[in-house]
Amino acid sequence: MTKDKKQKNSHLYWNPYFGGFLLGILILFTFYMTGRGLGASGAMKSSVVTIVDTVTHSHAEANEYYSKFLDDNESPMNNWLVFETLGVLIGAFISGGLSNRISWRVQHSPKITSKRRLAFALGGGLLFGLGAQIARGCTSGAALSGMAVLSTGGFITMIAIFGTAFLVAYFFRKNWI
Amino acid sequence: MGPLIPNGVIPYEWSNIIAILIGIAFGFILEASGFSSSRKLAGVFYGYDFAVLKVFFTAALVALIGLLYMDYLGYLDMGSMYVHPTYLWGAIVGGAIMGVGFVAGGFCPGTSLCAVAIGKIDALVYVVGIMIGVFIFSELYVLFQPLYEGAFEGNITLMDSFGINRYWFVFIFTIIAIVIFKLSDMIRKRNKKIFY
């Protein structure tokens, strides 16, 4: 009985309007504090820059893109977004823990193998990482935070992400439905 | 008057601590809304779960209306907010590539981090994928540079682009969001339920 209840609970999420409202308040608070919005892909960029810089410093210095984020006195990891991302991991861990959602697993549709799921996850991540650099931000930094201040670029990025995703969804349907 | 940290109301040293606290709230809200599940996120593209759409647009609207009120009441100067810059082709091409990545992988960067935090191995692989993507972009930066830096229009807003005042935008945007929410409920009722 208790186990049954727990299992049901693990798939009970917040009402989306409630979550959205709180997220909106958080964005508002972030703008009030820092003058800019939230972000997520920035920390991954900082990580890549740091890894490349550690492995081969001269190569990172010579590259025009890495060198934008390198500073002789400061590590690229000493960055607002990196700390924010650490917080995201902690916050999600707390929420998942409270609802018994924490476990090691590969989540996929029963119609596909976990190998296929992982291959598509890797490819999808690669594309998202590439796209987020070209557009200077992901769904959080460019689309969501951009929309909050009515940035034209933010709206265009949002429409491009969701528009393209709807257009190509048909070709990936086997992975999800 | 805000923003508090750039204006020196809160000392800069607090910046990173506030960053962690804001991050914790961000991660908690995303995870509790179900964004650590790729199958829930992908639902929006197949019409069986519209949580992404609802959370995303509600958040954008609340933030937008809230910022206008804070500006109006004098707590915040809208003019000192950071406006995401517009590089027309970068935004379109980058967004399109992200769209394909979204459907293929089922996450965006923020949501994949939430899924990593609760032990999803597919999300961990996705994050590795993102880092490879960033690496490829950086190594081939010379190739991407014209796209990355081209068609720069400045840190413009929709008011600059269309010449309509911002209150009208918020009003129109609100109406559109309500219509989309209603439509999404209708579509979901017609579609086959999917359990995950």
Side-chain angles (χ1 to χ4, degrees), chain A residues 13-14 16 19-20 22-24 27-28 32 35-36 40-41 44 48 65 80 83-84 87-89 91-93 95-96 101-102 104 106 118 120-122 124-131 133-135 138-140 146-154 156-157 160-161 164-165 169 172 176-177, chain B residues 2-3 6 16 19-20 23-24 27-29 31-34 42 45-46 51 54-55 58-60 62-63 66 81-84 86 91-92 94-99 101-105 108-110 113-114 117-119 121-122 125-126 129-134 137-138 141 156-158 161:
Chain A
Y13 297 117
W14 280 355
L22 286 189
L23 185 56
I27 296 170
L28 194 56
Y32 183 53
R36 46 197 308 160
S41 58
M44 298 170 194
V48 173
Y65 193 64
W80 200 89
F83 285 95
E84 186 226 59
V88 169
L89 289 170
F93 184 76
S95 165
R101 279 194 285 264
I102 297 175
W104 289 109
V106 179
L118 292 179
F120 273 89
L122 188 70
L126 193 154
L127 287 174
F128 215 114
L130 183 64
Q133 298 316 301
I134 296 174
C138 61
T139 359
S140 313
M147 279 164 76
V149 288
L150 290 172
S151 149
T152 305
I156 295 173
T157 305
I161 294 176
T164 313
F172 293 94
W176 306 107
I177 52 173
Chain B
N16 288 340
I20 292 187
I24 290 176
F28 195 103
I29 294 169
E31 210 288 327
S33 302
F45 303 120
Y46 300 98
K54 289 176 178 171
V55 172
T58 310
V62 169
M81 296 293 104
Y82 172 77
V83 176
H84 180 76
T86 302
I92 295 174
I97 296 175
M98 282 189 269
F102 203 159
V103 184
C108 63
L113 288 171
C114 294
I118 63 161
I121 296 160
D122 44 328
V125 172
Y126 188 85
I130 293 178
M131 291 175 69
I132 298 173
V134 176
F137 175 86
S138 315
Y141 181 64
I156 52 167
T157 60
L158 289 179
S161 305

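So you know, we letter chains A, B, ... as the sequences are listed, proteins then strands, and number each from 1.
Using a distance-only test at 3.5 Å, with no hydrogens or angles considered, no donor-acceptor pair links the side chain of B:Tyr46 to the main chain of A:Trp176. Panel note: side chain B:Thr86, backbone A:Gly153; a donor-acceptor pair is recorded below 3.5 Å.
Note: B:Tyr126 OH to A:Leu122 CG = 11.0 Å, rounded to the nearest 0.5 Å. Residue A:Leu127 holds its CG atom at 11.5 Å from CD1 of B:Ile132, rounded to the nearest 0.5 Å. The distance from atom CH2 of A:Trp80 to atom CG of B:Asn16, rounded to the nearest 0.5 Å, is 9.5 Å. Residue B:Ser33 holds its OG atom at 6.0 Å from CH2 of A:Trp14, rounded to the nearest 0.5 Å. To the nearest 0.5 angstrom, A:Leu126 atom CG is 10.5 Å from B:Ile97 atom CD1. If you take CD1 on B:Ile24 and CD on A:Glu84, they are separated by 11.0 Å, rounding to the nearest 0.5 Å.
A pairwise comparison of heavy atoms in A:Arg101 and B:Ala32 identifies NH2-CA, 3.9 Å as the closest pair. Nearest heavy-atom pair, B:Asp122 versus A:Ala121, reported as atom, atom and distance to 0.1 Å: O-CB, 3.5 Å. In this structure, A:Phe120 and B:Ala104 approach most closely via the heavy-atom pair CB-O, 3.5 Å. Looking at every heavy atom in both residues, B:Ile121 comes nearest to A:Val106 through CB-CG2, 3.8 Å. Minimum heavy-atom separation, A:Thr139 to B:Pro109: OG1-CD, 4.2 Å. Here the closest heavy-atom approach between residue A:Thr157 and residue B:Met98 is recorded as CG2-CE, 3.9 Å.
Remark: A:Thr152 engages B:Ser161 in a side-chain hydrogen bond (donor to acceptor under 3.5 Å, both in side chains) (not counting sequence neighbours). A:Ser95 is linked by a side-chain hydrogen bond (donor to acceptor under 3.5 Å, both in side chains) to B:Glu31, counting only residues two or more places apart in sequence or in another chain.
Of the residues considered (A:Ile102, A:Leu28, A:Leu150), A:Leu150 shows the highest number of contacts with chain B, using heavy-atom pairs under 4.5 Å. The choice from A:Gly19, A:Ala40, A:Gly154, A:Ala169 that makes the most heavy-atom pairs within less than 4.5 Å of chain B is A:Ala169. When A:Ile161, A:Ile27, A:Ile177, A:Leu22 are compared by the number of non-hydrogen pairs under 4.5 Å with chain B, A:Ile161 comes out ahead.
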Determine, stepwise, if the pair B:Val134 / A:Leu130 fulfils side-chain contact (heavy atoms from CB on, under 4.5 Å).
-> CA-CA 5 Å; B:Val134 176; A:Leu130 183 64; over 6 Å; no
Report the C-alpha separation of A:Val149 and B:Thr157 in whole Å, then their side-chain angles, then the decisive distance to 0.1 Å, and conclude whether the side-chain contact (heavy atoms from CB on, under 4.5 Å) test is met.
-> CA-CA 7 Å; A:Val149 288; B:Thr157 60; 5.7 Å; no
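Side-chain contact between A:Phe93 and B:Ile118 is absent, with no heavy atoms from C-beta onward closer than 4.5 Å. In this structure, the side chains of B:Phe28 and A:Val88 stay at 4.5 Å or more apart for every pair of heavy atoms. Here the side chains of A:Ser151 and B:Val83 are in contact, with some heavy-atom distance below 4.5 Å. Counting only heavy atoms from C-beta outward, the side chains of A:Leu23 and B:Val55 approach each other to under 4.5 Å.
Heavy-atom distances place both the backbone and the side chain of B:Tyr82 under 4.5 Å from chain A.
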